[in-house]
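Naming convention: chains lettered A, B, ... in sequence-line order (proteins, then strands); numbering from 1 in each chain.
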2 protein chains.
Amino acid sequence: MSNTTPRRLDDQLCFAFYSASKKFNHFYQDALKPFHLTYPQYITLLALWETSPMTVRELGSHLNLDSGTLTPLLKRLEKQGWISRKRSEQDERQVNVSVTDYALDKRDEVYARVNDCIDLMSFDGVDYQQLITQIHQVMGELDDISTKDLIHEA
Amino acid sequence: MSNTTPRRLDDQLCFAFYSASKKFNHFYQDALKPFHLTYPQYITLLALWETSPMTVRELGSHLNLDSGTLTPLLKRLEKQGWISRKRSEQDERQVNVSVTDYALDKRDEVYARVNDCIDLMSFDGVDYQQLITQIHQVMGELDDISTKDLIHEA
DNA sequence: GATGGATTAATCGTGTGCAACTAAATTGCT
DNA sequence: AGCAATTTAGTTGCACACGATTAATCCATC
């Protein structure tokens with residue numbers, strides 16, 4: 001057996017991401033409450049406000065979500081009037097997801113609300129760009145590992 | 001209406017945390033597969049390997065999880081033999097959660113497995129301690145905001 | 001044109017996460 | 001002692017997240 005010492009730093013790093021992600025989620029949940037949107041629903045709309053329509057597959061590769069997550073989420077967004085789903089005629093396997101006029105109308109209002117909430121924070125000692133860069137670096141490492149066959153036992 | 005310009009950086013930061021957290025989760029999921037443990041179950045055990053027993057409330061404040069999440073999670077850990085739950089005799093409201101002998105036996109094996117997997121990553125350009133510090137700083141901001149009454153409309 | 005393999009979205013099952021509520025026990029106050 | 005407020009864990013309902021499977025469609029090759 002190899003080293004059995006707890007890796008405090010690595011675990012702490014992971015736990016920090018885990019906790020921060022939950023806190024951000026809660027923050028956006030509050031900010032988006034007037035629109036009855038969750039954070040995953042919000043980033044889905046963000047992607048669609050940039051490019052619409054997109055297939056479920058395209059959306060999923062932008063957001064790193066599979067159809068098992070997206071399909072029910074999209075159905076909820078559709079029911080609330082933000083998007084429409086229509087099976088492609090060229091390729092009946094695909095479903096094109098588009099923002100509705102309602103979503104286009106509401107867009108600036110949503111942005112304004114999110115901005116107002118973000119303005120309440122003062123990220124003083126935090127170097128955004130460098131922080132994001134470091135996170136991407138860590139994610140790169142995780143990607144490299146996951147794709148490699150690190151799992152050799154049962 | 002205030003500024004309606006998308007806050008790319010803030011959203012990117014949040015999305016980075018969101019994605020990194022999911023990737024870490026997946027990484028630990030793979031690493032812990034031999035033990036049939038999820039990441040939340042793992043950090044629960046980590047906490048209990050340090051201090052056992054703990055009440056559900058104490059565990060929850062360590063992990064930032066409420067009883068709605070912990071109770072079913074703990075029941076699963078109990079069913080798999082890692083922990084035991086016993087209602088306190090001094091205060092019947094509380095439930096004391098303890099690691100079992102099985103969990104104590106397996107501890108080093110789990111640590112070794114996690115360490116082996118972490119060793120496959122080379123966090124070259126990443127300054128751990130500084131990264132963790134920055135994340136904590138961001139979380140501090142989020143805490144300050146969440147507790148304030150930033151939500152003024154319906 | 002038929003057929004096997006690939007692609008796409010949907011479905012199913014399990015496990016978080018959390019808000020809201022409930023039930024039981026404890027504490028505090030009079 | 002008696003009763004209201006508080007604390008604690010559990011329960012319920014909803015929304016991700018994802019692995020595994022399914023069903024329909026498309027494509028390639030014959």
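- For B:Ser67 and B:Asn25, each mapped to the nucleotide of DNA chain C holding its nearest heavy atom, the one lying further toward the 5' end belongs to B:Asn25.
- For DNA chain D, the residues of residues 38-55 of chain A within the heavy-atom distance limit of 4.0 Å (strictly under) are A:Thr38, A:Pro40, A:Gln41, sorted by number.
- Atom CZ of A:Arg57 and atom P of D:dA24 are 21 Å apart (whole Å).
- Side chain of A:Ser61 to backbone of A:Glu58: a donor-acceptor contact under 3.5 angstrom is found.
- Side-chain proximity of A:His26 to the nucleotides C:dA19, C:dT8, C:dA10 is greatest for C:dA19.
- Regarding A:Lys33, its NZ atom lies at a distance of 11 Å from the C1' atom of C:dC18, rounded to whole Å.
- Counting any heavy atom pair closer than 4.0 Å across all strands shown, A:Leu70 reaches no nucleic acid atom.
- Protein atom CG of B:Asp66 is 8 Å distant from nucleotide atom C1' of C:dA19, rounded to whole Å.
- Residue B:Leu63 contributes atom CG, which lies 13 Å from atom C1' of C:dG17 at whole-angstrom precision.
- Distance A:Leu37 CG to D:dC14 P: 18 Å, rounded to the nearest Å.
- Screening B:Tyr28, B:Phe27, B:Phe24 for a ring-ring contact (aromatic ring centres under 6.0 Å, His included) involving A:Phe17 leaves a single residue, B:Phe24.
- Protein atom CG of B:Leu73 is 13 Å distant from nucleotide atom C1' of C:dT14, rounded to whole Å.
- At D:dA17, none of the side-chain N or O atoms of A:Thr69 fall inside 4.0 Å of OP1 or OP2 (strictly under the cut-off).
- If you check residues 75-96 of chain B against DNA chain C, the residues with a heavy atom closer than 4.0 Å are B:Arg76, B:Gln90, B:Asp91, B:Glu92, B:Arg93, listed by number.
- For B:Tyr18 and D:dC16, the shortest distance from a side-chain N or O to OP1 or OP2 is not below 4.0 Å.
- The distance from atom CG of B:Leu74 to atom C1' of D:dT11 is 15 Å, rounded to the nearest whole Å.
- With hydrogens and angles ignored, the 3.5 Å screen pairs no side-chain donor or acceptor of B:Arg85 with any backbone N or O of B:Asn96.
- Not one N or O on the side chain of A:Thr55 forms a donor-acceptor pair closer than 3.5 Å with the backbone of A:Val95.
- Counting only distance, with no hydrogens or angles, the side chain of B:Lys22 and the backbone of A:Asn64 share a donor-acceptor pair below 3.5 Å.
- For B:Lys22 and D:dC18, the shortest distance from a side-chain N or O to OP1 or OP2 is below 4.0 Å.
- Using a cutoff of 4.0 Å between basic side-chain nitrogens and carboxylate oxygens, A:Arg113 and A:Asp116 are not scored as salt-bridged.
- Side chain of B:Ser52 to main chain of B:Val99: a donor-acceptor pair is present (N/O by atom type, distance under 3.5 Å, no hydrogens or angles).
- Atom-to-atom, NE2 of B:His36 to P of D:dG19 comes out at 17 Å; the value is rounded to the nearest Å.
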Could you list the donor-acceptor pairs under 3.5 angstrom formed between side-chain atoms of residues 37-51 of chain B and any protein atom two or more places apart in sequence or on another chain?
unit_1  : atom_1 : unit_2   : atom_2 : d
B:Thr38 : OG1    : B:Gln41  : N      : 3.2
B:Tyr39 : OH     : A:Phe15  : N      : 3.4
B:Gln41 : OE1    : B:Thr38  : N      : 3.0
B:Tyr42 : OH     : A:Asp11  : OD1    : 3.4
B:Tyr42 : OH     : A:Asp11  : OD2    : 2.9
B:Thr44 : OG1    : B:Pro40  : O      : 2.7
B:Trp49 : NE1    : B:Ala103 : O      : 3.2
B:Glu50 : OE2    : A:Arg8   : NH1    : 3.4

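- No donor-acceptor pair under 3.5 Å is formed between the side chain of B:Asp30 and the backbone N or O of B:Lys33.
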